Amino acid sequence: MTPQELKNSILQMAIQGKLVEQRPEEGTAEELFAQIQEEKLRLIKEKKIRKEKGEYGEFKEEEILFDVPPTWKWVRFGSIMINRDSERIPLSVAERNKLEKTFDYYGASGIIDKVDRYLFDKTLLLIGEDGANLLARSTPIAFLAKGKYWVNNHAHVLDCVAGTLSLEYMMYFVNAISLAKYVTGTAQPKMNQEKMNSIPVPLPPFAEQKRIVAKIEELLPYIDRYKQAWSKLEKFNSRFPEDMKKSLLQYAIQGKLVEQRAEEGTGEGPYQQIQTYKQKLIKDGKLKKTRTLEPISETFVPFDFPPSWKVCYIDDIAFVTKLAGFEYTKYIADNLVADGIPLFKGKNVQNGKLVLSFESYIPESVSDELPRSQIAKKCLLTPYVGTIGNIAIFDGSFKAHLGSNVGKIEVLNSDTQTFVLEEYVLWYLKSTYGYAELTKHKKATAQESISIDAIRNVIIAIPPLEEQYRIVAKIEELLPLCERLK
(Lines give C-alpha, C1' and ligand atoms only; values in the text may rest on other atoms or scores of the structure.)
Protein backbone atom coordinates (compact mmCIF):
# COMPACT_ATOMS: atom_id res chain seq x y z
CA MET A 1 0.00 0.00 0.00
CA THR A 2 1.42 3.36 -1.04
CA PRO A 3 1.48 6.26 1.46
CA GLN A 4 -1.32 7.98 -0.48
CA GLU A 5 -3.40 4.80 -0.49
CA LEU A 6 -2.87 4.48 3.27
CA LYS A 7 -3.93 8.09 3.81
CA ASN A 8 -6.97 7.61 1.57
CA SER A 9 -7.90 4.49 3.50
CA ILE A 10 -7.74 6.32 6.83
CA LEU A 11 -9.86 9.19 5.50
CA GLN A 12 -12.40 6.71 4.13
CA MET A 13 -12.63 4.99 7.51
CA ALA A 14 -13.04 8.40 9.13
CA ILE A 15 -15.98 9.54 6.98
CA GLN A 16 -17.67 6.13 7.30
CA GLY A 17 -17.63 6.22 11.11
CA LYS A 18 -15.02 3.45 11.42
CA LEU A 19 -12.07 5.42 12.79
CA VAL A 20 -13.40 6.19 16.26
CA GLU A 21 -16.22 4.66 18.29
CA GLN A 22 -19.68 6.20 18.64
CA ARG A 23 -20.74 7.41 22.13
CA PRO A 24 -24.46 7.70 22.99
CA GLU A 25 -23.84 10.61 25.34
CA GLU A 26 -22.67 12.73 22.41
CA GLY A 27 -26.18 12.87 20.93
CA THR A 28 -27.10 12.42 17.28
CA ALA A 29 -26.46 14.18 14.00
CA GLU A 30 -30.24 14.60 13.61
CA GLU A 31 -30.26 16.87 16.68
CA LEU A 32 -27.14 18.67 15.44
CA PHE A 33 -28.63 19.23 11.98
CA ALA A 34 -31.77 20.79 13.50
CA GLN A 35 -29.58 23.10 15.57
CA ILE A 36 -27.61 24.17 12.46
CA GLN A 37 -30.83 24.90 10.51
CA GLU A 38 -32.26 26.98 13.35
CA GLU A 39 -29.10 29.05 13.69
CA LYS A 40 -28.73 29.56 9.92
CA LEU A 41 -32.34 30.78 9.66
CA ARG A 42 -31.67 33.29 12.43
CA LEU A 43 -28.54 34.59 10.66
CA ILE A 44 -30.44 34.87 7.36
CA LYS A 45 -33.25 36.86 9.00
CA GLU A 46 -30.68 39.17 10.56
CA LYS A 47 -29.10 39.49 7.06
CA LYS A 48 -25.75 38.32 8.37
CA ILE A 49 -25.57 35.54 5.78
CA ARG A 50 -27.30 34.79 2.49
CA LYS A 51 -29.53 31.83 1.78
CA GLU A 52 -27.58 29.12 -0.02
CA LYS A 53 -28.25 28.44 -3.70
CA GLY A 54 -29.82 25.13 -4.70
CA GLU A 55 -32.57 22.78 -3.60
CA TYR A 56 -31.67 20.09 -1.10
CA GLY A 57 -34.42 17.53 -1.48
CA GLU A 58 -34.51 13.87 -0.55
CA PHE A 59 -31.48 11.75 -1.35
CA LYS A 60 -31.63 9.32 -4.26
CA GLU A 61 -30.54 5.80 -3.43
CA GLU A 62 -27.49 6.01 -5.70
CA GLU A 63 -26.29 9.14 -3.88
CA ILE A 64 -25.79 7.25 -0.61
CA LEU A 65 -22.31 5.86 -1.12
CA PHE A 66 -22.07 3.81 2.07
CA ASP A 67 -23.81 3.04 5.33
CA VAL A 68 -23.12 5.31 8.29
CA PRO A 69 -23.63 4.73 12.03
CA PRO A 70 -27.22 5.17 13.32
CA THR A 71 -26.20 8.36 15.16
CA TRP A 72 -25.04 9.98 11.88
CA LYS A 73 -27.11 11.68 9.18
CA TRP A 74 -26.69 12.22 5.45
CA VAL A 75 -27.09 15.94 4.67
CA ARG A 76 -26.37 18.28 1.76
CA PHE A 77 -23.18 20.29 1.87
CA GLY A 78 -24.97 23.61 1.39
CA SER A 79 -27.45 22.89 4.20
CA ILE A 80 -24.72 22.91 6.86
CA MET A 81 -22.14 25.34 5.45
CA ILE A 82 -22.09 29.14 5.22
CA ASN A 83 -20.72 30.56 1.98
CA ARG A 84 -18.51 33.69 2.24
CA ASP A 85 -17.74 34.00 -1.50
CA SER A 86 -19.55 37.32 -1.86
CA GLU A 87 -17.28 38.95 0.71
CA ARG A 88 -14.26 38.75 -1.56
CA ILE A 89 -12.98 41.92 -3.24
CA PRO A 90 -11.18 41.23 -6.55
CA LEU A 91 -7.56 42.35 -6.66
CA SER A 92 -5.73 42.47 -9.99
CA VAL A 93 -2.15 41.34 -10.52
CA ALA A 94 -1.16 44.92 -11.33
CA GLU A 95 -2.71 46.15 -8.07
CA ARG A 96 -1.01 43.42 -6.08
CA ASN A 97 2.38 44.27 -7.57
CA LYS A 98 2.11 47.88 -6.39
CA LEU A 99 1.47 46.93 -2.77
CA GLU A 100 3.81 46.16 0.09
CA LYS A 101 3.13 42.47 0.57
CA THR A 102 2.36 41.54 4.17
CA PHE A 103 -0.60 39.17 4.36
CA ASP A 104 -1.31 35.82 2.69
CA TYR A 105 -3.18 35.72 -0.61
CA TYR A 106 -5.00 32.41 -1.17
CA GLY A 107 -6.02 30.80 -4.46
CA ALA A 108 -7.38 27.40 -5.47
CA SER A 109 -4.29 25.55 -4.29
CA GLY A 110 -3.18 27.45 -1.20
CA ILE A 111 -1.05 30.54 -0.66
CA ILE A 112 -0.05 32.07 -4.00
CA ASP A 113 1.19 35.54 -3.03
CA LYS A 114 1.19 38.31 -0.40
CA VAL A 115 -0.88 41.51 -0.15
CA ASP A 116 -0.73 44.58 2.08
CA ARG A 117 -4.35 44.52 3.31
CA TYR A 118 -6.43 41.62 4.51
CA LEU A 119 -10.08 40.76 4.06
CA PHE A 120 -10.61 37.66 6.22
CA ASP A 121 -9.19 37.32 9.72
CA LYS A 122 -10.60 34.00 10.93
CA THR A 123 -10.04 30.37 10.05
CA LEU A 124 -12.18 29.41 7.05
CA LEU A 125 -12.44 26.42 4.72
CA LEU A 126 -11.31 27.01 1.12
CA ILE A 127 -12.23 24.61 -1.69
CA GLY A 128 -10.85 24.97 -5.21
CA GLU A 129 -13.48 26.28 -7.60
CA ASP A 130 -11.81 25.49 -10.93
CA GLY A 131 -8.74 23.91 -12.48
CA ALA A 132 -7.49 20.43 -13.38
CA ASN A 133 -6.90 19.54 -9.73
CA LEU A 134 -10.65 19.22 -9.20
CA LEU A 135 -10.33 15.95 -11.12
CA ALA A 136 -6.65 15.02 -10.92
CA ARG A 137 -6.43 15.65 -7.15
CA SER A 138 -2.62 15.69 -7.22
CA THR A 139 -2.76 17.97 -4.17
CA PRO A 140 -5.56 18.51 -1.60
CA ILE A 141 -8.46 20.49 -3.05
CA ALA A 142 -9.74 21.64 0.36
CA PHE A 143 -7.64 23.38 3.01
CA LEU A 144 -7.96 25.77 5.93
CA ALA A 145 -6.90 29.41 5.59
CA LYS A 146 -5.72 30.98 8.84
CA GLY A 147 -4.64 34.39 10.04
CA LYS A 148 -5.33 37.51 7.99
CA TYR A 149 -5.59 36.97 4.25
CA TRP A 150 -7.19 37.62 0.87
CA VAL A 151 -8.83 34.94 -1.33
CA ASN A 152 -9.10 35.27 -5.10
CA ASN A 153 -12.04 34.07 -7.18
CA HIS A 154 -10.63 30.57 -7.79
CA ALA A 155 -11.62 29.16 -4.40
CA HIS A 156 -14.89 28.87 -2.53
CA VAL A 157 -14.75 30.49 0.93
CA LEU A 158 -16.76 28.57 3.55
CA ASP A 159 -17.70 28.99 7.19
CA CYS A 160 -19.99 27.18 9.62
CA VAL A 161 -22.21 27.80 12.62
CA ALA A 162 -19.89 27.97 15.61
CA GLY A 163 -20.02 24.96 17.88
CA THR A 164 -21.87 22.75 15.39
CA LEU A 165 -19.41 21.80 12.70
CA SER A 166 -15.68 21.16 12.51
CA LEU A 167 -14.12 22.80 9.46
CA GLU A 168 -11.24 20.33 9.80
CA TYR A 169 -13.70 17.42 9.50
CA MET A 170 -15.23 19.00 6.39
CA MET A 171 -11.76 19.56 4.91
CA TYR A 172 -10.81 15.91 5.39
CA PHE A 173 -14.19 14.82 4.02
CA VAL A 174 -13.86 16.84 0.80
CA ASN A 175 -10.31 15.57 0.31
CA ALA A 176 -11.50 11.98 0.79
CA ILE A 177 -14.19 11.93 -1.93
CA SER A 178 -14.26 12.21 -5.72
CA LEU A 179 -15.71 15.47 -6.97
CA ALA A 180 -16.02 14.32 -10.58
CA LYS A 181 -19.85 14.23 -10.64
CA TYR A 182 -20.01 17.79 -9.29
CA VAL A 183 -17.58 19.23 -11.85
CA THR A 184 -18.57 20.66 -15.21
CA GLY A 185 -16.20 20.81 -18.16
CA THR A 186 -13.02 18.81 -18.79
CA ALA A 187 -10.72 21.24 -20.61
CA GLN A 188 -11.51 23.84 -17.92
CA PRO A 189 -13.04 21.91 -14.98
CA LYS A 190 -15.22 24.01 -12.66
CA MET A 191 -17.35 23.33 -9.57
CA ASN A 192 -19.88 26.09 -9.07
CA GLN A 193 -21.53 26.90 -5.76
CA GLU A 194 -24.80 25.14 -6.58
CA LYS A 195 -23.02 21.89 -7.53
CA MET A 196 -20.86 22.07 -4.42
CA ASN A 197 -23.89 22.66 -2.20
CA SER A 198 -25.51 19.45 -3.49
CA ILE A 199 -22.69 17.17 -2.31
CA PRO A 200 -23.98 14.52 0.18
CA VAL A 201 -22.11 14.70 3.49
CA PRO A 202 -22.10 12.01 6.23
CA LEU A 203 -22.59 14.16 9.33
CA PRO A 204 -21.49 12.86 12.76
CA PRO A 205 -22.33 14.48 16.12
CA PHE A 206 -20.11 17.50 16.81
CA ALA A 207 -18.07 15.84 19.58
CA GLU A 208 -17.41 12.84 17.34
CA GLN A 209 -16.28 15.15 14.52
CA LYS A 210 -13.65 16.56 16.85
CA ARG A 211 -12.51 13.09 17.92
CA ILE A 212 -12.29 12.00 14.27
CA VAL A 213 -10.13 15.02 13.46
CA ALA A 214 -7.93 14.38 16.50
CA LYS A 215 -7.42 10.74 15.45
CA ILE A 216 -6.57 11.71 11.84
CA GLU A 217 -4.06 14.28 13.03
CA GLU A 218 -2.59 11.75 15.44
CA LEU A 219 -2.06 9.35 12.52
CA LEU A 220 -0.77 11.84 9.91
CA PRO A 221 2.80 12.02 11.33
CA TYR A 222 2.99 8.23 11.09
CA ILE A 223 1.85 8.43 7.47
CA ASP A 224 4.58 11.02 6.82
CA ARG A 225 7.16 8.69 8.37
CA TYR A 226 5.78 5.83 6.31
CA LYS A 227 6.04 8.04 3.21
CA GLN A 228 9.71 8.74 3.91
CA ALA A 229 10.41 5.03 4.41
CA TRP A 230 8.38 4.19 1.30
CA SER A 231 10.34 6.75 -0.74
CA LYS A 232 13.63 5.22 0.38
CA LEU A 233 12.33 1.74 -0.44
CA GLU A 234 11.14 2.90 -3.86
CA LYS A 235 14.55 4.37 -4.63
CA PHE A 236 16.21 1.17 -3.45
CA ASN A 237 13.83 -0.95 -5.54
CA SER A 238 14.36 1.21 -8.61
CA ARG A 239 18.14 0.92 -8.28
CA PHE A 240 18.23 -2.71 -7.20
CA PRO A 241 17.90 -4.39 -10.64
CA GLU A 242 20.62 -2.20 -12.15
CA ASP A 243 22.84 -2.57 -9.07
CA MET A 244 22.33 -6.34 -9.22
CA LYS A 245 23.27 -6.33 -12.91
CA LYS A 246 26.41 -4.32 -12.18
CA SER A 247 27.38 -6.66 -9.35
CA LEU A 248 26.76 -9.68 -11.56
CA LEU A 249 29.00 -8.37 -14.33
CA GLN A 250 31.66 -7.33 -11.84
CA TYR A 251 31.66 -10.80 -10.30
CA ALA A 252 31.92 -12.27 -13.80
CA ILE A 253 35.00 -10.31 -14.84
CA GLN A 254 36.73 -10.99 -11.53
CA GLY A 255 36.36 -14.74 -11.99
CA LYS A 256 33.81 -15.10 -9.18
CA LEU A 257 30.72 -16.04 -11.19
CA VAL A 258 31.83 -19.52 -12.30
CA GLU A 259 34.58 -21.75 -10.98
CA GLN A 260 37.97 -22.16 -12.59
CA ARG A 261 38.79 -25.66 -13.88
CA ALA A 262 42.42 -26.71 -14.20
CA GLU A 263 41.66 -29.03 -17.13
CA GLU A 264 40.55 -26.03 -19.21
CA GLY A 265 44.05 -24.58 -19.30
CA THR A 266 44.80 -20.85 -18.98
CA GLY A 267 44.02 -17.59 -20.73
CA GLU A 268 47.59 -17.66 -22.05
CA GLY A 269 46.46 -20.34 -24.51
CA PRO A 270 43.91 -18.31 -26.51
CA TYR A 271 46.13 -15.23 -26.14
CA GLN A 272 49.08 -16.99 -27.84
CA GLN A 273 46.80 -18.45 -30.52
CA ILE A 274 45.67 -14.91 -31.36
CA GLN A 275 49.28 -13.70 -31.49
CA THR A 276 50.15 -16.48 -33.95
CA TYR A 277 47.10 -15.68 -36.09
CA LYS A 278 47.83 -11.96 -35.86
CA GLN A 279 51.37 -12.41 -37.17
CA LYS A 280 50.03 -14.42 -40.10
CA LEU A 281 47.58 -11.62 -40.97
CA ILE A 282 50.39 -9.05 -40.81
CA LYS A 283 52.63 -11.25 -42.95
CA ASP A 284 49.84 -11.69 -45.52
CA GLY A 285 49.32 -7.91 -45.63
CA LYS A 286 45.77 -8.21 -44.24
CA LEU A 287 46.59 -6.36 -41.04
CA LYS A 288 48.95 -3.53 -40.21
CA LYS A 289 51.22 -3.87 -37.23
CA THR A 290 50.31 -1.48 -34.43
CA ARG A 291 52.80 0.18 -32.12
CA THR A 292 54.02 -1.79 -29.12
CA LEU A 293 52.26 -0.80 -25.91
CA GLU A 294 53.91 -0.38 -22.52
CA PRO A 295 53.94 -3.51 -20.32
CA ILE A 296 50.94 -3.54 -17.98
CA SER A 297 51.94 -2.50 -14.48
CA GLU A 298 50.20 -4.17 -11.53
CA THR A 299 49.32 -0.69 -10.25
CA PHE A 300 46.91 -0.26 -13.20
CA VAL A 301 45.00 -3.46 -12.39
CA PRO A 302 42.46 -2.73 -9.61
CA PHE A 303 42.04 -6.31 -8.33
CA ASP A 304 43.54 -9.76 -8.63
CA PHE A 305 42.22 -11.74 -11.55
CA PRO A 306 42.36 -15.55 -11.29
CA PRO A 307 45.94 -16.83 -11.89
CA SER A 308 44.74 -18.77 -14.92
CA TRP A 309 43.59 -15.60 -16.70
CA LYS A 310 45.74 -13.51 -19.05
CA VAL A 311 45.84 -9.74 -18.52
CA CYS A 312 46.49 -7.83 -21.75
CA TYR A 313 45.32 -4.89 -23.86
CA ILE A 314 42.32 -4.91 -26.22
CA ASP A 315 44.84 -4.14 -28.97
CA ASP A 316 46.58 -7.47 -28.24
CA ILE A 317 43.48 -9.50 -29.14
CA ALA A 318 41.49 -7.31 -31.52
CA PHE A 319 41.68 -5.01 -34.51
CA VAL A 320 40.41 -1.60 -33.39
CA THR A 321 39.77 1.05 -36.02
CA LYS A 322 37.45 3.74 -37.38
CA LEU A 323 36.69 5.44 -40.67
CA ALA A 324 39.44 7.98 -41.26
CA GLY A 325 38.48 11.55 -42.11
CA PHE A 326 40.27 11.49 -45.44
CA GLU A 327 38.49 8.23 -46.35
CA TYR A 328 35.12 9.85 -45.83
CA THR A 329 36.10 12.95 -47.83
CA LYS A 330 37.80 11.08 -50.69
CA TYR A 331 35.65 7.98 -51.05
CA ILE A 332 32.32 8.32 -49.31
CA ALA A 333 31.02 11.93 -49.24
CA ASP A 334 30.46 12.11 -53.00
CA ASN A 335 29.37 8.49 -53.44
CA LEU A 336 26.32 8.21 -51.17
CA VAL A 337 23.48 6.24 -52.75
CA ALA A 338 19.88 5.41 -51.86
CA ASP A 339 20.60 1.70 -51.50
CA GLY A 340 23.76 -0.30 -51.08
CA ILE A 341 26.17 -1.00 -48.21
CA PRO A 342 24.80 0.69 -45.05
CA LEU A 343 26.97 2.99 -42.97
CA PHE A 344 26.98 2.41 -39.22
CA LYS A 345 27.19 5.77 -37.43
CA GLY A 346 27.48 6.63 -33.75
CA LYS A 347 23.68 7.03 -33.51
CA ASN A 348 23.27 3.40 -34.63
CA VAL A 349 24.52 2.25 -31.22
CA GLN A 350 22.05 3.23 -28.50
CA ASN A 351 21.55 1.84 -24.98
CA GLY A 352 23.75 -1.18 -25.68
CA LYS A 353 21.80 -2.15 -28.80
CA LEU A 354 22.19 -1.68 -32.53
CA VAL A 355 19.66 0.48 -34.34
CA LEU A 356 19.39 -1.08 -37.79
CA SER A 357 17.86 1.98 -39.37
CA PHE A 358 20.38 3.61 -41.69
CA GLU A 359 20.60 7.12 -43.11
CA SER A 360 23.40 6.56 -45.62
CA TYR A 361 24.60 3.90 -48.05
CA ILE A 362 27.59 3.50 -50.36
CA PRO A 363 28.13 1.25 -53.39
CA GLU A 364 29.72 -2.12 -52.62
CA SER A 365 32.62 -1.22 -54.90
CA VAL A 366 33.44 1.81 -52.72
CA SER A 367 33.23 -0.30 -49.56
CA ASP A 368 35.63 -2.85 -51.07
CA GLU A 369 38.17 -0.09 -51.68
CA LEU A 370 38.24 0.51 -47.90
CA PRO A 371 38.68 -2.98 -46.39
CA ARG A 372 40.11 -1.58 -43.14
CA SER A 373 36.84 0.16 -42.24
CA GLN A 374 34.59 -2.43 -43.81
CA ILE A 375 32.41 -4.51 -41.49
CA ALA A 376 32.47 -7.98 -42.97
CA LYS A 377 32.32 -10.22 -39.89
CA LYS A 378 31.13 -10.33 -36.29
CA CYS A 379 32.53 -7.46 -34.22
CA LEU A 380 31.75 -4.93 -31.49
CA LEU A 381 30.75 -1.37 -32.39
CA THR A 382 31.19 1.58 -30.04
CA PRO A 383 30.83 5.35 -30.56
CA TYR A 384 33.97 7.42 -30.01
CA VAL A 385 32.03 10.72 -30.15
CA GLY A 386 28.79 11.24 -28.22
CA THR A 387 27.69 8.47 -25.85
CA ILE A 388 31.09 7.15 -24.83
CA GLY A 389 31.03 3.67 -23.27
CA ASN A 390 28.00 2.56 -25.28
CA ILE A 391 28.76 -0.73 -27.02
CA ALA A 392 26.94 -3.49 -28.91
CA ILE A 393 27.70 -6.58 -31.00
CA PHE A 394 27.14 -6.69 -34.76
CA ASP A 395 26.54 -10.32 -35.71
CA GLY A 396 28.03 -10.07 -39.20
CA SER A 397 24.81 -11.24 -40.85
CA PHE A 398 25.13 -8.64 -43.61
CA LYS A 399 27.86 -6.53 -45.12
CA ALA A 400 28.19 -3.01 -43.69
CA HIS A 401 30.70 -0.20 -43.34
CA LEU A 402 31.88 2.19 -40.65
CA GLY A 403 30.44 5.67 -40.89
CA SER A 404 31.09 8.71 -38.73
CA ASN A 405 31.71 8.64 -34.98
CA VAL A 406 31.71 4.87 -34.50
CA GLY A 407 34.64 2.48 -34.15
CA LYS A 408 34.84 -1.29 -34.40
CA ILE A 409 36.54 -3.82 -32.15
CA GLU A 410 37.07 -6.90 -34.29
CA VAL A 411 38.34 -9.77 -32.15
CA LEU A 412 41.05 -11.65 -34.06
CA ASN A 413 39.30 -14.98 -34.37
CA SER A 414 40.03 -16.96 -37.53
CA ASP A 415 37.31 -18.13 -39.90
CA THR A 416 37.67 -21.66 -38.52
CA GLN A 417 38.55 -21.15 -34.88
CA THR A 418 37.38 -18.97 -31.98
CA PHE A 419 39.95 -17.77 -29.43
CA VAL A 420 38.05 -15.07 -27.54
CA LEU A 421 34.27 -14.68 -27.51
CA GLU A 422 32.92 -11.32 -28.65
CA GLU A 423 30.16 -11.75 -26.04
CA TYR A 424 32.75 -12.08 -23.28
CA VAL A 425 34.47 -8.88 -24.43
CA LEU A 426 31.06 -7.14 -24.56
CA TRP A 427 30.11 -8.06 -20.98
CA TYR A 428 33.61 -7.25 -19.79
CA LEU A 429 33.40 -3.74 -21.25
CA LYS A 430 29.89 -3.30 -19.80
CA SER A 431 31.08 -4.13 -16.30
CA THR A 432 31.85 -1.31 -13.89
CA TYR A 433 35.58 -1.83 -14.29
CA GLY A 434 35.41 -2.36 -18.07
CA TYR A 435 33.29 0.77 -18.54
CA ALA A 436 35.74 2.77 -16.41
CA GLU A 437 38.62 1.48 -18.56
CA LEU A 438 36.79 2.30 -21.77
CA THR A 439 35.89 5.84 -20.70
CA LYS A 440 38.87 6.88 -18.55
CA HIS A 441 40.47 8.92 -21.34
CA LYS A 442 37.29 10.56 -22.65
CA LYS A 443 37.53 14.26 -23.39
CA ALA A 444 34.90 16.48 -21.78
CA THR A 445 34.07 18.80 -24.68
CA ALA A 446 30.70 19.92 -26.08
CA GLN A 447 30.42 16.29 -27.19
CA GLU A 448 32.33 13.66 -25.25
CA SER A 449 34.95 11.86 -27.28
CA ILE A 450 37.80 9.39 -27.01
CA SER A 451 40.53 8.39 -29.40
CA ILE A 452 40.79 5.00 -31.05
CA ASP A 453 44.15 4.62 -29.26
CA ALA A 454 42.31 4.98 -25.93
CA ILE A 455 40.13 2.00 -26.88
CA ARG A 456 43.20 0.02 -27.91
CA ASN A 457 44.73 0.72 -24.50
CA VAL A 458 41.83 -0.76 -22.51
CA ILE A 459 43.10 -3.47 -20.14
CA ILE A 460 41.22 -6.77 -20.34
CA ALA A 461 41.65 -10.15 -18.62
CA ILE A 462 41.15 -13.27 -20.75
CA PRO A 463 40.00 -16.59 -19.22
CA PRO A 464 40.43 -19.96 -20.94
CA LEU A 465 37.96 -20.33 -23.84
CA GLU A 466 35.72 -22.90 -22.11
CA GLU A 467 35.48 -20.65 -19.06
CA GLN A 468 34.54 -17.73 -21.33
CA TYR A 469 31.63 -19.83 -22.64
CA ARG A 470 30.50 -20.66 -19.11
CA ILE A 471 30.76 -17.02 -17.97
CA VAL A 472 28.71 -15.79 -20.93
CA ALA A 473 26.12 -18.53 -20.44
CA LYS A 474 25.76 -17.72 -16.73
CA ILE A 475 25.45 -13.97 -17.41
CA GLU A 476 22.80 -14.55 -20.07
CA GLU A 477 20.95 -16.86 -17.67
CA LEU A 478 20.94 -14.34 -14.81
CA LEU A 479 20.47 -10.99 -16.56
CA PRO A 480 16.82 -11.68 -17.53
CA LEU A 481 16.14 -12.31 -13.84
CA CYS A 482 17.54 -8.84 -13.09
CA GLU A 483 15.20 -7.37 -15.71
CA ARG A 484 12.23 -9.12 -14.10
CA LEU A 485 13.05 -7.35 -10.83
CA LYS A 486 12.27 -3.96 -12.38
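Worth saying up front: this structure is predicted, and the values here are computed from it rather than measured.
- At a threshold of 4.5 Å between non-hydrogen side-chain atoms, the residues W230 and L6 do not count as touching.
- Heavy-atom neighbours of E38 CD from other residues, nucleotides or ligands within 6.0 Å: at or below the threshold of 12.
- Using a 4.5 Å cut-off on side-chain heavy atoms (C-beta onward), T387 and Q350 make no contact.
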Under 3.5 Å donor-acceptor pairs involving side-chain atoms of residues 207-221, not counting sequence neighbours:
residue, atom, partner, partner atom, Å
E208, OE1, W72, NE1, 3.3
E208, OE2, Q22, NE2, 2.7
E208, OE2, W72, NE1, 3.1
Q209, OE1, S166, N, 2.7
Q209, NE2, P204, O, 3.0
R211, NE, E26, OE2, 2.9
R211, NH1, E21, O, 3.2
R211, NH2, E21, O, 2.9
R211, NH2, E26, OE1, 2.8
R211, NH2, E26, OE2, 3.4
K215, NZ, E218, OE1, 3.3
E217, OE2, Y172, OH, 3.1

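- Side chain of E467 to main chain of P464: no donor-acceptor pair is present (N/O by atom type, distance under 3.5 Å, no hydrogens or angles).
- Using a 4.5 Å cut-off on side-chain heavy atoms (C-beta onward), S431 and K246 make no contact.
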So V201 and M170, side chain to side chain contact (heavy atoms under 4.5 Å, CB included) or not? Walk me through it.
CA-CA 9 Å; V201 179; M170 295 302 296; 4.0 Å; yes
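- Side-chain contact between N348 and L356: absent, with no pair of heavy atoms (C-beta onward) separated by less than 4.5 Å.
- With N83 contributing its side chain and L158 its backbone, the two residues share no donor-acceptor pair below 3.5 Å.
- How far CD1 of I450 is from OG1 of T382: 6.0 Å, rounded to the nearest 0.5 Å.
- Among Q193, K190, H154, the one residue that satisfies the side chain to side chain donor-acceptor pair (under 3.5 Å) test with E129 is K190.
- Aromatic ring centres of Y433 and F303 lie closer together than 6.0 Å.
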Determine, stepwise, if the pair I82 / L43 fulfils side chain to side chain contact (heavy atoms under 4.5 Å, CB included).
CA-CA 10 Å; I82 298 172; L43 292 172; 4.2 Å; yes
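- A salt bridge links D453 and R456; the closest N-O separation between the charged side-chain nitrogens and carboxylate oxygens is under 4.0 Å.
- By the 4.0 Å N-to-carboxylate-O rule, K345 lies close enough to E359 to be salt-bridged with it.
- Taking 4.5 Å as the limit, some side-chain heavy atom of L402 sits within range of a side-chain heavy atom of I375.
- No more than 12 heavy atoms of other residues, nucleotides or ligands sit less than 6.0 Å from atom CZ of R225.
- Note that CD1 of I177 is 5.0 Å distant from CD1 of I199, once rounded to the nearest 0.5 Å.
- Considering every non-hydrogen atom in both G185 and L135, the closest pair reads O-CD1, 4.5 Å.
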Show your working on side chain to side chain contact (heavy atoms under 4.5 Å, CB included) between L134 and I141 and close with a plain yes or no.
CA-CA 7 Å; L134 280 169; I141 200 70; 3.9 Å; yes
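- Of all the heavy atoms in L478 and L257, the pair that sits closest is CD1-CD1, 4.2 Å.
- Here the CG atom belonging to L167 is positioned 5.5 Å from the CG atom belonging to L125, to the nearest 0.5 angstrom.
- Around CG of D395, the count of heavy atoms belonging to other residues, nucleotides or ligands within 6.0 Å exceeds 12.
- Residue-environment remark: NZ (K440) exceeds the threshold of 12 foreign heavy atoms within 6.0 Å.
- One N or O on the side chain of N175 and one on the backbone of A142 form a donor-acceptor pair closer than 3.5 Å.
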Worked verdict on E423 versus K378 for salt bridge (charged side-chain N to carboxylate O under 4.0 Å, His left out):
CA-CA 10 Å; E423 290 80 4; K378 189 176 184 179; 2.6 Å; yes
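- I223 and K7 get closest at one heavy-atom pair: CD1-CA, 3.9 Å.
- Counting heavy atoms from C-beta on, the side chains of T164 and E39 never come closer than 4.5 Å.
- Geometrically, K408 does not engage F394 in a cation-pi contact, judged by NZ or CZ lying under 6.0 Å from the ring centre and within 45° of the ring axis.
- Counting heavy atoms of neighbouring residues, nucleotides and ligands inside a 6.0 Å radius, atom CD of E259 exceeds 12 of them.
- Ring geometry for W309 versus F305: interplanar angle under 30°, hence parallel rather than tilted (30 to 60°).
- Ring-centre distance between F103 and Y149: not below the 6.0 Å cut-off.
- How far CG of L203 is from CH2 of W74: 10.5 Å, rounded to the nearest 0.5 Å.
- Side chain of K40 to backbone of M81: a donor-acceptor contact under 3.5 angstrom is found.
- Note that CG of L165 and CZ of F206 are 7.5 Å apart. Values are rounded to the nearest 0.5 Å.
- Here the side chains of D159 and K122 are in contact, with some heavy-atom distance below 4.5 Å.
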Using side chain to side chain contact (heavy atoms under 4.5 Å, CB included), reason through L429 and I409 one step at a time and then give a plain yes or no.
CA-CA 11 Å; L429 294 176; I409 303 173; 4.1 Å; yes
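- Closest non-hydrogen pair, R84 versus F120, comes out as O-CZ, 4.0 Å.
- Here the side chain of D130 pairs no donor or acceptor atom with the backbone of P189 at under 3.5 angstrom.
- Counting non-hydrogen atoms of neighbouring residues, nucleotides and ligands closer than 6.0 angstrom, the NZ atom of K442 exceeds 12 such neighbours.
- Counted within 6.0 Å of CG on D304, heavy atoms from surrounding residues, nucleotides or ligands total 12 or fewer; the atom is thus considered open.
- Shortest non-hydrogen contact noted between G407 and I452 is CA-CD1, 4.4 Å.
- A donor-acceptor contact shorter than 3.5 Å is absent between the side chain of S297 and the backbone of F300.
- Here the side chain of N133 pairs a donor or acceptor atom with the backbone of T139 at under 3.5 angstrom.
- Closest non-hydrogen pair, Y384 versus V406, comes out as CE2-N, 3.3 Å.
- The main-chain N or O of A176 is found under 3.5 Å from a side-chain atom of Q12 such that the two form a donor-acceptor pair.
- Judged by distance alone, with hydrogens and angles left aside, the side-chain atoms of S231 form no donor-acceptor pair with the main-chain N or O of K227 at under 3.5 Å.
- At most 12 non-hydrogen atoms from other residues, nucleotides or ligands lie less than 6.0 angstrom from OH of Y222.
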Residue pair D224, Q228: steps toward the side chain to side chain donor-acceptor pair (under 3.5 Å) verdict
CA-CA 6 Å; D224 289 339; Q228 292 172 6; over 6 Å; no
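- Side-chain N or O atoms of R470 include none that pairs as donor or acceptor with a backbone N or O of Q260 at under 3.5 Å.
- Taking CG from L380 and CD1 from I391, the interatomic distance works out to 4.5 Å, rounded to the nearest 0.5 Å.
- Using cut-offs of 30° and 60° for the angle between ring planes, the F344 and F398 rings count as parallel.
- Within the 4.5 Å cutoff, the side chain of I253 has no heavy atoms near those of the W427 side chain.
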